[in-house]
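Proteins come first, then strands; the chains are lettered A, B, ... in the order of their sequence lines, and each starts at number 1. It should be emphasised that the depicted structure is a prediction, and the values quoted were computed from it without experimental measurement.
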There are 2 protein chains.
Amino acid sequence: MTPPLARFASLLADGTRATFCMALLDGRAWTAGELARYAGVAASTASEHITLLVAGGLLAEEHQGRHRYVRLATPRVAELIEEISVYADAGSPVPHKSLRGAVASEAMARARTCYDHLAGRLGVRVTEAMAARGLLGTEGGFTLTGRGREWLESEVGATLGGGRRPLVRACLDWTERRPHLAGAAGAALCQRLHGRGWVVRIGTQRAVRVTPDGATGLRDLLGLSPADLA
Amino acid sequence: MTPPLARFASLLADGTRATFCMALLDGRAWTAGELARYAGVAASTASEHITLLVAGGLLAEEHQGRHRYVRLATPRVAELIEEISVYADAGSPVPHKSLRGAVASEAMARARTCYDHLAGRLGVRVTEAMAARGLLGTEGGFTLTGRGREWLESEVGATLGGGRRPLVRACLDWTERRPHLAGAAGAALCQRLHGRGWVVRIGTQRAVRVTPDGATGLRDLLGLSPADLA
DNA sequence: GCCTTCCTTCGGCCGGCGCCGAAGCGTCCC
DNA sequence: GGGACGCTTCGGCGCCGGCCGAAGGAAGGC
């Protein structure tokens, strides 16, 4: 009766559910209660929303004791939501109302995670440095070159499993309006940078910060200057 | 207040508006009245929906006399809608209720346009044949090879302008579940096939048919067998 | 066992939104 | 000019769906 497109879109069309999904873009699993408090609704309300999102295939759930953990179902879902957000945000230039908000936004614009890979200025700079060094081909979509694969595995120490997930994928950055590296390679890279302590999460949100070690490492590895990381 | 993601998604969350967008995926401009009749709503209702979609940036309008022509705003919008549809359709296996519906669906699955490029089995076969012949690279997203560009320009007779639109792009086919060629190259190819009379539109919808000339041409050009076109 | 914590289910309320028909306006045709 | 046609605006109606609080499991700590 009502087209699948509409049924799917209606999942994201509610403010509270959309807020949940945006929060979950940090790639972590949240409990139902955390989401409820975050969005400012009653636990009962959140519970019903989560049930809908799970049934719609957007979220995956996992019960641990009395907690209901929930996360985005697949990387693909995260990418889809990011992609829609790019379009959605394009038409709404929202000025910052508070200093606190402006500071938080600035941190997000500087460096953040986009589900499981890097985004913001940092993500774009890293991506472009990789392209400049011939590690990434940029002709019509991204490609990982042979040198790029070797670089990731030996220099970065990432392991690129042979899963069904696309190796590289271009994800349009909603602050920079330019693509950054996503896909399995983007995720592996981000994971290693975290593992080496080169980037650390700021507070509870998606924003991250480059550590002094990270600044040195990224300079040696990709030639990124301090200005690229500011 | 309510997140941009939700405001955007709500545009597609209504059955009638979603029906409009799906219809417009044929790449043509429809009048407000045509859309109203197609979706089975009053003209007044359609008018209001169209106004919302235009304001939301999904549709572009053009007034000609007493007609209000409307089409998807950009190729990017079409791709976004297609992409969401892939995900939306995944969770809804809808059996055909009528013979007429089944025949129409079969024609759509065989060959159709996806906004301005080819889709369905035909679109996927063409894409894969191009890849097999080294015209298209498939490593992590599509790339047009040098031979591919030359082939398009001299063999097919397509002109690839230097616009801002990506040259090639992979568009996930919602019937085949495999990618087909989109982007500027996909559009140019599709346009030439129409221009040569190799494919013609069936009825008023998105489905197309390969003509006898087209069968010969596609065999010579890409080695496609009659089985590929069935 | 008892209490706390986390989650879910159930009613009930309320606002928003999609629908229509009537009326009005602009365009085109004769 | 007159009439047909396409579209839009406006009121009014009805329903869907998001919200909450209360009540009831289920898990965990003591």
Nearest-nucleotide comparison on DNA chain D, the residue closer to the 5′ end among B:Ala32 and A:Arg17:
B:Ala32

From CG of A:Leu11 across to P of D:dG17 the rounded distance in Å is 11 Å

Which nucleotide sits closest to the side chain of B:His67: D:dT8, C:dC19, D:dG6?
D:dG6

If I take atom NE2 in residue B:His63 and atom C1' in nucleotide C:dC25, what distance separates them, rounded to the nearest angstrom?
14 Å

Euclidean distance, atom CZ of residue A:Arg37 to atom P of C:dT5 [Å, nearest integer]
12 Å

Is it true that a side-chain atom of B:His117 and a backbone atom of B:Cys114 form a donor plus acceptor pair closer than 3.5 Å?
yes

Rounded to whole angstrom units, what separation is found between the CG atom of A:Asp14 and the P atom of D:dC20?
11 Å

Determine, for B:Arg112 against B:Glu82, whether the closest basic-nitrogen to carboxylate-oxygen distance falls under 4.0 angstrom.
no

Between the side-chain atoms of B:Arg66 and the base atoms of D:dC5, is any donor-acceptor pair under 3.5 Å?
yes

Can you find an N or O donor on one side and an acceptor on the other, under 3.5 Å apart, linking the side chain of A:Ser44 with the base of D:dG21?
yes

Tell me whether B:Glu153 is salt-bridged to B:Arg192, with the criterion being a basic N under 4.0 Å from an acidic carboxylate O.
no

Under 4.0 angstrom, heavy atoms only, what part of the nucleic acid is A:Thr51 near: base, sugar-phosphate, or nothing?
nothing

Looking at D:dT8, I'd like to know if its phosphate oxygens (OP1 or OP2) sit under 4.0 Å from a side-chain N or O belonging to B:Arg68.
yes

Establish whether the base of D:dC7 is bridged to the side chain of B:Glu48 by a donor-acceptor pair shorter than 3.5 Å.
no

Kindly say whether the aromatic ring centers of A:Phe20 and A:Trp30 come within a distance under 6.0 Å.
no

What's B:Ala43 touching, base or sugar-phosphate or nothing? Going by heavy atoms closer than 4.0 Å.
base

I want to verify a distance call: between D:dT8, C:dG18, C:dT8, whose nearest atom is closest to the B:Ser47 side chain?
D:dT8

A:Gly65 vs B:Thr45, nearer the 5' end of DNA chain D by closest nucleotide
B:Thr45

Rounded off to whole Å, could you give me the CD-to-P distance for the A:Glu62 and C:dC6 pair?
18 Å

